[in-house]
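Here's the structure we're looking at; comments come further down.
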Amino acid sequence: MSLNPHQRAAIKEINHPLLVIAGAGSGKTRVITHKIAHLIDQGLAARHIAALTFTNKAAREMKARVGKLMDSKALRGLTVSTFHSLGLDILRREHKALGFKASLSIFDEQDRLALLKDILEHSKHPCNPDKLPHYAWQIGAWKNDCLPPEQILAQADAEQQPAACLYEEYNRCLKAYNAVDFDDLILLPVQLFQEHGEILERWQHKLRYLLVDEYQDTNQTQYRLLNLLTGPLGRFTVVGDDDQSIYAWRGARPENLQRLKQDYPRLKIIMLEQNYRSTGRILKAANALIRHNPHVFEKKLWSAYGFGDPIRVLSHADDLAEAQQIAADILHHHFQHRTQWHDYAILYRSNHQSRVFERALREQRIPYKVSGGPSFFSYTEVKDVLAYLRLFVNQDDDAAFLRIINVPKREIGPTTLEKLGAYAQQRHISLFSACFELGLEQHLPARATARLKGFCEWLVDTADRAQRGDTLGVLEEFIDRIEYKDHLQNLAASPKQFERKWQNVRELLDWLGRLIEEEEDAGGKDILSAVVAKIMLMDVLERQRDDSAQDQVTLMTLHAAKGLEFPHVYIVGMEEGLLPHHKSAEETTNDTSTPEDLYIEEERRLAYVGITRAQKTLTFSYCRQRKRYGEVNDCQPSRFLEELPEEDLEWPEKSTLSPEEKKARGKAALANLKNLLNET
DNA sequence: TTATCCAAGATTTTT
DNA sequence: TCTTGGATAA
């Protein structure tokens, strides 16, 4: 397909910083990939170009698509990666300037929580242990806003003071463990560049043009990184859509779109409004819905395709009926129109809604896949094995140490660890180092010390052999040696569960094998270290590479659906309280500026994302009653249904209430709920 | 140190 | 309703 004039303009514009406002389905990935090709044609070497995405999947896809445009020789050295991978790359190369060793560990969310808990238990912070998740969230939020501890401590009010102290202590511990968390992968490079002009210059020299996908999802720190890397000239193209910003709750700052105008006066803005995905009617509905949000960049999607079928709105007695009828509807439609199963998607607000649909689809013998859900790396067995690997690479990684020191059982229990921890804390050293200190024997019984030492020696020995060669062989052997398989068998509730867990371990090892090979081919040193760091940044989607080829109905959350498209889309659970979801009382009080409105706006964008996934037909559904946590509740249809053009809806059960009455009811119900939450 | 029971809490989640 | 983690007993 050829490019339209706007797309072509976006590709040719290379002398000004460029913002492309790209509506859903307007071919934004095509713009980025063609622009990379264009830049190379203009004589800029591929190694000076970087395209940044948020997910591994997006990066992979982009790589594949550029690969189709140009031959691989011209693309050598091109960077197409996630923000986090780029950050890791920078950290691994510049670790000395930041005072880290090359063998970094990466802490995930669980590691962060465990570390914070440990800090609270071992030192006398004035923090309430019950609010641990809140502190973890707060620290992440500060890091996403590019605010290091020193700055927070200086400006924190009395209420924030405890969390600020905790933040500082937490960072100190990370440093001591030679570890960074996910947010540090962006924040530390920013700090590095701010403090070391010569290093920044080197990187600016290396990366001379940056392209960013899903720009509306950048947070403050990522924006700053972009700022620094592209320099005052602003050699970048960023592509985004403010209407598809659905990650503000995670620190994304869609206002980064507007900020560009102020920070780069030379900025050019190009709008892509022609949609190559949906029927006119679906776009009309999407435009109508999103008009209810305030806009800085007015845009209106249009399509050269036909107007299409009316949008259906189905009403059901309860969630069970909803699932069964939609399964029946898909079955019927499938046979009537001779479609493929993968033409259908069922989208919902929250994961727990998938259950009842899974059952209904199974009963109708409709093949399906559930996308999303728990990440591969959230499984205990995967985390355990990874913890061992992290320790092989970096023995000071206390989070990993604590995780597996007694897994499988080695008769090293809480009492021993308690004493070891206190000792390590007092000497300001890692748990691993503490095991070898002579002074430790005064605090612990000889048997316990011997066991600890024995384990540590084995660890060093294994790590050594793994680093010297036949890395994968050593890894296979160590799984055997610690009798992890037996451990899983003992732990598992059923043979089936055991099978699954063991399978996960095998899969992890397969991956490691592949990554090790890749790394060896690339001729890198420190192979194990590189591989372990890389695997921490991967996600479950990597596994589904093969799945996607199968003919199955897709079930997923609206969040997960961003960037995808399906001929026939069902958006289910269109109810007040579910699709605008009710927020917890705590969060409501946290925000300062009209939180209620901002919140509804993001929920509306979520609905917008859902609608714009549909190519040919779109069906909404809601329940009059829904079972929640075992309790039956009455539901009202979502206010968003009222915001769609009535003449395009086929809504047989539309209630007799006027829109105003409904809106009032919805608001009242929400207010009521908030009061209830506040009181308790 | 390990096994078992009970209570709390349950949006979304790119890395 | 279901899962997960913490407290308690053996």
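Protein chains get the first letters and strands the later ones, always in sequence-line order, with residue 1 at the start of each.
- By the 5.5 Å and 30° criteria, A:H84 is not stacked with the base of B:dT15.
- The nearest whole Å value for the distance from the CG atom in A:L386 to the C1' atom in B:dT15 is 14 Å.
- The nucleotide whose nearest atom lies closest to any side-chain atom of A:W249 is, among B:dT1, B:dT12, B:dT15, B:dT12.
- Note: CG (A:L86) to C1' (B:dT14) measures 16 Å, nearest angstrom.
- Side-chain N/O atoms of A:R410 and base N/O atoms of B:dT1 include no donor-acceptor pair closer than 3.5 Å.
- Here the closest non-hydrogen pair linking A:D384 and A:Y484 is OD2-OH, 2.8 Å.
- Heavy-atom minimum distance, A:I186 versus A:L225: CG2-CD2, 4.2 Å.
- Nucleotide B:dG9 holds its P atom 16 Å from the CZ atom of A:R628, rounded to whole Å.
- Proximity of A:L389 to A:I535: side-chain heavy atoms (C-beta onward) are nowhere separated by under 4.5 Å.
- Remark: P of B:dT13 and NE2 of A:H559 are 7 Å apart, rounded to the nearest angstrom.
- Applying the 4.0 Å criterion to OP1 and OP2 of B:dA10, one finds that A:N351 has every side-chain N and O outside that range.
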Reading nucleotides 2-10 of chain C 5' to 3', which nucleotides get B (base under 4.0 Å from a protein heavy atom), which S (sugar-phosphate only), which -? -S--S----

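- Sequence order on DNA chain B of the closest nucleotides to A:D183 and A:S350 puts A:S350 first from the 5' end.
- The separation between A:L132 atom CG and B:dG9 atom P is 14 Å, rounded to whole Å.
- Ring geometry for A:F182 versus A:H84: interplanar angle over 60°, hence perpendicular rather than tilted (30 to 60°).
- Side-chain contact between A:F83 and A:V212 is present, with at least one heavy-atom pair separated by less than 4.5 Å.
- When heavy atoms are screened at a 4.0 angstrom cut-off, A:L52 is found touching no nucleic acid atom at all.
- Taking the O4'-C1'-N9-C4 or O4'-C1'-N1-C2 dihedral as appropriate, B:dT12 has a value more than 90° from 0 and is therefore anti.
- When the nearest nucleotides of DNA chain B are assigned to A:E602 and A:T416 by heavy-atom distance, the more 5′-ward of the two goes with A:T416.
- Counting to the nearest Å, the P atom of B:dG9 and the CD atom of A:E631 are 16 Å from each other.
- Across all non-hydrogen atoms, the minimal contact from A:L555 to A:S354 is CD2-O, 4.1 Å.
- What separates NE2 of A:H352 from C1' of B:dT11 is a distance of 9 Å, to the nearest Å.
- Residues A:L320 and A:R359 are in side-chain contact: their nearest non-hydrogen atoms beyond the backbone lie under 4.5 Å apart.
- Taking every side-chain heavy atom of A:N406 into account, B:dT2 is the closest of B:dT15, B:dT2, B:dT14.
- Residue A:N56 has a polar side-chain atom (N or O) positioned under 4.0 Å from OP1 or OP2 of B:dT15.
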Criterion side chain to side chain donor-acceptor pair (under 3.5 Å) on A:D634 and A:Q625, from CA distance to verdict: CA-CA 4 Å; A:D634 289 333; A:Q625 282 193 327; 3.1 Å; yes

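- Among the heavy atoms of the strands, none lies under 4.0 Å from A:F83.
- Regarding A:L606, its CG atom lies at a distance of 10 Å from the C1' atom of B:dT11, rounded to whole Å.
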